[in-house]
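A short worksheet on the structure shown next.
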Amino acid sequence: MSRINVLSIDGGGIRGIIPAVILAEIEQRVGRALYQVFDLIAGTSTGGIIALGIGTSANSGQPYNPADLLRMYEENGPAIFEKSFLTPLRALFGPKYSPAALERTLEKFFGVNDLSSALTPLLISSYDLATQLPYFFKSHKIAQNPAFNVKVRDAARATSAAPTFFPPFRLIADRKTHALVDGGIFVNNPAMAAYAEARNLYPDASQFLILSVGTGDRNDRITYRKAKAWGLLGWALQITPVMMDSVSEAVDYELNAVLGASAPHQHFRLQPTLTIASPEMDDTSPENIENLKQQAKMFLQDNQSTMTNLCTEIAQGRGATVPGIGLTSAAKQSAQAASKPN
């Protein structure tokens, strides 16, 4: 078995614009749809939405490309995170935002498509408050157990239910009721979970390449003087970004220690530092949306060598096939055409 390629995409709300721009560049350089070059695609929160977009046939029998998802953020982000003078008051007593605009957007983009339409194995993270356990949507388990099959839009809604921002998502599956929230509370960077899943899914593989794409490293610092007097309210305002960022950085450290950056195992972490864009997950001002795009483009410009090396490595495509991962007729034809020699 040749090397297994794994793509992991962080959570981060509207900052999902950053991985959308980076992945669009990778797709253009490689010249193939991303599901054709990755043996597993994992995502959390906004990264989960991107993973579902590029990894299922929800776009009229084809996957979305990253540029489509970038437009989704640009056109729908302001409505999803719509603010008014009542928003700060609402956030004190309940979720900061109504899920209505988010759910409309997910329904528009994913329609009635099922997770069984996955074009490559997908791992989408969530957390079940009812059982106090991680909850993963795994498309590659559906063939053996139909209970794993859900609507794509439901998986997207569950993975993006960020605590304090949106209410949990109620999912009834396998005769159980689940209260699902954003997987970012334990795997905002799902790369280590993706690596573990890939090891189980491809037990004969001896080589792995992990590409982990972030939504921007917050450049703000919380000083001792600022935090020492925080009580319940002070921490409530900061706990979500602190928790999600710390989880992402811990995974980055762990994968570097386990895999390193040289063959047979390689770990590429593409994570811009936020210098011109806001670190906030819900800043959808026109200025910040443009700054997020520019932040990603600056990162790509500053890391040309890394991007060239990465795209050269993954251009050969997937290293394995998984029984039960179905392709629509149109997607089959696309894959067959892409695999033919020039």
Side-chain angles (χ1 to χ4, degrees), residues 5-31 34 37-38 41-51 53-54 64-74 77 184 188-191 194 209-221 241 244-253 255-256 259-261 266-315:
N5 297 329
V6 177
L7 171 61
S8 170
I9 313 167
D10 284 18
I14 194 62
R15 284 156 47 195
I17 286 173
I18 288 176
V21 171
I22 291 174
L23 291 173
E25 174 72 10
I26 291 172
E27 188 173 81
Q28 181 178 16
R29 285 181 179 229
V30 172
L34 295 175
V37 297
F38 288 103
I41 299 178
T44 291
S45 191
T46 197
I49 293 174
I50 294 173
I54 63 178
Y64 287 102
N65 60 49
D68 295 326
L69 298 168
L70 174 58
R71 284 191 292 272
M72 178 192 74
Y73 286 109
E74 292 177 305
N188 196 54
N189 174 353
L209 182 150
I210 313 296
L211 169 58
S212 174
V213 186
T215 58
D217 184 18
R218 298 171 65 98
N219 201 28
D220 54 349
R221 297 292 180 264
M244 290 183 173
D245 287 355
S246 61
V247 166
S248 292
E249 290 159 5
V251 168
D252 188 24
Y253 170 82
L255 276 175
N256 277 337
L259 297 180
Q266 295 174 272
H267 172 220
F268 290 85
R269 176 64 167 165
L270 306 183
Q271 173 73 306
T273 297
L274 298 175
T275 56
I276 62 172
S278 168
E280 301 304 322
M281 294 169 53
D282 57 347
D283 185 346
T284 58
S285 65
E287 295 80 11
N288 191 53
I289 286 176
E290 184 60 32
N291 285 342
L292 286 165
K293 292 190 292 183
Q294 291 303 316
Q295 193 80 76
K297 292 175 182 178
M298 289 165 55
F299 177 83
L300 292 170
Q301 183 63 37
D302 293 342
N303 292 272
Q304 290 284 343
S305 177
T306 297
M307 295 298 297
T308 298
N309 292 339
L310 167 66
C311 293
T312 300
E313 288 286 340
I314 65 174

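These numbers come from the heavy atoms of this one structure, side chains and all, not from hydrogens, waters or symmetry mates. What you see is a predicted model; the values in this text were computed from it and never measured.
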Are side-chain heavy atoms of [X] and [Y] found at a separation under 4.5 Å?
X: I314; Y: I26; result: yes
X: I276; Y: M298; result: yes
X: L310; Y: Q266; result: no
X: F268; Y: T306; result: yes
X: V21; Y: L300; result: yes

Whether the side chain of [X] engages the backbone of [Y] through a donor-acceptor N/O pair (distance < 3.5 Å, no angle test) should be reported.
X: Q295; Y: T273; result: yes
X: N189; Y: V251; result: no
X: T215; Y: G11; result: yes
X: D282; Y: T284; result: no
X: N5; Y: L209; result: no
X: D283; Y: S278; result: no
X: D68; Y: N65; result: yes
X: R15; Y: L292; result: no

Between [atom1] of [X] and [atom2] of [Y], what distance do you get to the nearest 0.5 Å?
X: Y64; Y: I49; atom1: OH; atom2: CD1; answer: 12.5 Å
X: S8; Y: I210; atom1: OG; atom2: CD1; answer: 8.5 Å
X: L23; Y: L211; atom1: CG; atom2: CG; answer: 7.0 Å
X: L70; Y: I22; atom1: CG; atom2: CD1; answer: 11.5 Å
X: Q294; Y: E287; atom1: CD; atom2: CD; answer: 13.5 Å
X: R218; Y: E280; atom1: CZ; atom2: CD; answer: 5.0 Å

Which pair of non-hydrogen atoms, one from [X] and one from [Y], has the smallest distance, and what is that distance?
X: I41; Y: A51; value: CG2-CB, 3.7 Å
X: I18; Y: G214; value: CG2-O, 3.7 Å
X: Q271; Y: G216; value: OE1-N, 2.7 Å

Side-chain ion pair, D10 and R269, N-O less than 4.0 Å: yes
From CA spacing to verdict: salt bridge (Lys or Arg N to Asp or Glu O under 4.0 Å), E290, K293: CA-CA 5 Å; E290 184 60 32; K293 292 190 292 183; 3.4 Å; yes
